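Contents: one structure, followed by commentary.
Every chain is numbered from 1 and lettered A, B, ... according to where its sequence line falls, protein lines coming before strand lines. These numbers come from a predicted model, not from an experiment. All values below come from the heavy atoms of this structure, side chains included, with hydrogens, waters and symmetry mates left out.
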Protein chains: 2
Amino acid sequence: MNLRQLRSLCEIVDHGLRISDAAGSLHRSQPSVTRQIQELEKELGVDVFLRRRNRILEITPQGQEILRIARRMLLDADNLQKVGAEFAKVGQGSLVVATTHTQARYTLPNVIRAFKEAYPGVNLSLRQGTPTQCCELVAGNRVDFAICTEVEEKFEGVLQVPCYRLNRSVITPPRHPLLRVKPLTLEAIARYPVITYEQGFSARGIVNKAFADHGLKPNVVLSAIDADVSKTYVHSGMGIAILATIGFDVARDTHLRRIDARHLFKSSRLNIVVRHNNYLRGYALAFMRLFAPRLNKADLEGLLSGRVSASRHPVLPEL
Amino acid sequence: MNLRQLRSLCEIVDHGLRISDAAGSLHRSQPSVTRQIQELEKELGVDVFLRRRNRILEITPQGQEILRIARRMLLDADNLQKVGAEFAKVGQGSLVVATTHTQARYTLPNVIRAFKEAYPGVNLSLRQGTPTQCCELVAGNRVDFAICTEVEEKFEGVLQVPCYRLNRSVITPPRHPLLRVKPLTLEAIARYPVITYEQGFSARGIVNKAFADHGLKPNVVLSAIDADVSKTYVHSGMGIAILATIGFDVARDTHLRRIDARHLFKSSRLNIVVRHNNYLRGYALAFMRLFAPRLNKADLEGLLSGRVSASRHPVLPEL
DNA sequence: CACCGTTACGGTATCCGTAAGGATT
DNA sequence: AATCCTTACGGATACCGTAACGGTG
């Protein structure tokens, strides 16, 4: 058995069971890939694919099982490379972090500045998406880790480590009638057109639920994935926004007003999202600790290797 | 990178950093093994071993990290073979279970009888040892799983799944004065010579602690690893024995008497011990369920893959 | 000198790509 | 006809084992 064979297997599956496509992506000739699979099947003594006259129809149950293990092995092969890179050139390499707009724009700038200073040799890049997309990137090992609010779905092999608690605020234009409602109520908010996050963000679910629980139906005039877009429309008078408090920048958003609404909406958790059994280079752990200093290296490695499991309801600092 | 290189690495480490020995065990020439390591080091760009003039002194920290991952990959390679065997010949193959004397002799006979009937094609073998030895066998992937009482030490990658609770009884010859002490007390027991398990069994620790907590010091005249040996000496009048209740066979031990002592000694847990990320063939899971029907296949697989973590204090049936 | 790991070399087995074949839509 | 997987074949490559080499106790 052979890693090449396993790579072929995974690539075929990832390309919708088309050997030719897999071959292209592997930079191999197509017959070569065919043979890898044949030899794997011969050695394990099982059919991995269900064929019908020179055509692959589906993967067998055995194949599924084999695929799962193969993927883990390839991930480990990748990990070995990373270990090599880590020790060959400590502090040099690349780091890819997936995150949402809000975090990229409001939470991470300080972290990134500090990181760049500490690790000038690391090529840092951010991939932006919804929390769900971030988790998918982590699951597929396309990024080193993600920083985003929690996601309901479970992703195979993906671990969410809660770091902070995010509260909500209502953002209004200056002299908005809501500014005089004290304390702020959901009923009051529901009287005005609302701008908030799109489906797919946990915030959206929380906002919806809060209103629904009070038998209210907010008038959502715009869903955005982006706090800046939301604020732009608030400023233009289209409505008020319900955003994470961190999305309001006291220094720059002087043309807007913020009303704390933590008593109205459930807070959500801001997580670091990592892949199980993924080797994280030293500077990746350093980035995480810059983001959440309370994280402890040993704990994190325990979590990653699956030896320890995360406590489900830790006390989290607010951001 | 390839699996041969990783196998060489592990074998070298397992043979005390002697390449020649590793080569022998791998059925390869010694230069071949040397080259595997050189190529691995070249490809990863790290020194795995610290050499000093043609002699390997130790493994580098990088090497340690690499070794960990390599071992996991080789385990997975093994798992792939098992998946193959499983589907090629369902219900044929071999199963190796580590256990202690007491379980082999008193708990497992029924399980094994049922198993043999259900899977006549499986070559079942038992390896006997102390609980600690059983865990070591699991850790080293030398057995499929183990059934034994709990051990204090943590073994890397080894998972203990509690299944039953074991109580203690005092075993005496007929007409022993203790038989008239009701209720039985530790003070009463301490007046007589005691036979119990050797160090290394959780029972020994529990027994010692029970006496110590009452400021008593039992007069242990013999430590055995074996309930049958203990009973033999009880019968010969050497003393009374403190054993797991299951170690008393009402039908056959007519020449002995049993006094329930569950109120005096902490019960201990009887666990199934499995290795993390180990593929268990269908009949291995079947064996476990014959032993502990409350085990659920999906749960077990969840545990094995590390997705779920075991509840630490489940309610257990008594055996 | 016995032992151990590294280097050098020649033969073999493996694996790749090209080309051709058979089946399906 | 176009697409897709499989089989066949020649050449390059990788890998193994033997033998020779250099340190070490």
Length of the CD-C1' vector between B:Q30 and D:dC15, whole Å: 15 Å
Whole angstroms only, please: what is the NE2-P distance between B:H15 and C:dG5? 12 Å
Please state how far atom CD1 in B:I19 lies from atom P in C:dC4, giving the value in whole angstrom units. 11 Å
Using a strict threshold of under 4.0 Å (side-chain N to carboxylate O), is an ion pair present between B:E41 and B:R51? yes
Does a side-chain N or O from B:N2 land closer than 4.0 Å to OP1 or OP2 of D:dC15, or not? yes
Separation of A:L17 atom CG from D:dT6 atom P, in whole Å? 12 Å
Assign each of B:R4 and A:R51 the nucleotide of DNA chain D bearing its closest heavy atom; nearer the 5' end lies the nucleotide of A:R51
Of all heavy-atom pairs between B:E43 and B:Q5, which one has the smallest distance, and what is that distance? OE1-OE1, 4.5 Å
When we call it a touch if two heavy atoms are under 4.0 Å apart, what does A:S20 touch: a base, just sugar-phosphate, or nothing? sugar-phosphate
Distance flag, aromatic centroids of A:Y119 and A:F287, threshold under 6.0 Å: no
Position toward the 5' end of DNA chain C (nearest nucleotide), B:R55 or B:P31: B:R55
Lys/Arg-Asp/Glu bridge criterion (N-O < 4.0 Å) met for B:E65, B:R68: yes
Near-ring test A:F115/A:F291, centroid separation under 6.0 angstrom: no
B:D21 near the nucleic acid: base, sugar-phosphate alone, or nothing, with a heavy-atom cut-off under 4.0 Å? nothing
Between C1' on C:dT14 and CZ on A:R28, what's the gap in Å once rounded to a whole number? 13 Å
Have a look at B:R71 and tell me which of B:N141, B:V13, B:L6 forms a side-chain contact (heavy atoms from CB on, under 4.5 Å) with it. B:V13
Scan residues 35-43 of chain B against DNA chain D and write down, sorted by residue number, each residue with any heavy atom closer than 4.0 Å; if none is found, say none. B:R35, B:Q36, B:E39
Between CD1 of A:I56 and P of D:dT3 the distance, given in whole Å, is 18 Å
Between B:T100 and B:Q128, what is the shortest heavy-atom contact and its length? C-CG, 4.1 Å
What is the nucleic acid contact for B:S29, judged by heavy atoms within less than 4.0 Å: base, sugar-phosphate only, or nothing? base
B:A284 and B:F145: which non-hydrogen atoms are nearest, and at how many Å? O-CE2, 3.9 Å
May I ask you to verify if any side-chain N or O of B:T34 is less than 4.0 angstrom from the OP1 or OP2 atom of C:dT6? yes
Side-chain donor-acceptor pair under 3.5 Å between B:N277 and A:R72, yes or no? yes
Whole Å only: how far is the CG atom of A:D47 from the C1' atom of D:dT6? 15 Å
Check: B:E150/B:S202 side-chain N/O donor and acceptor closer than 3.5 Å: no
Under a 3.5 Å cutoff on both atom distances, Watson-Crick or G-U, what's the dot-bracket for DNA chain D ([ ] crossing, | other strand)? |||||||||||||||||||||||||
Between C1' on C:dC16 and CD on A:Q5, what's the gap in Å once rounded to a whole number? 14 Å
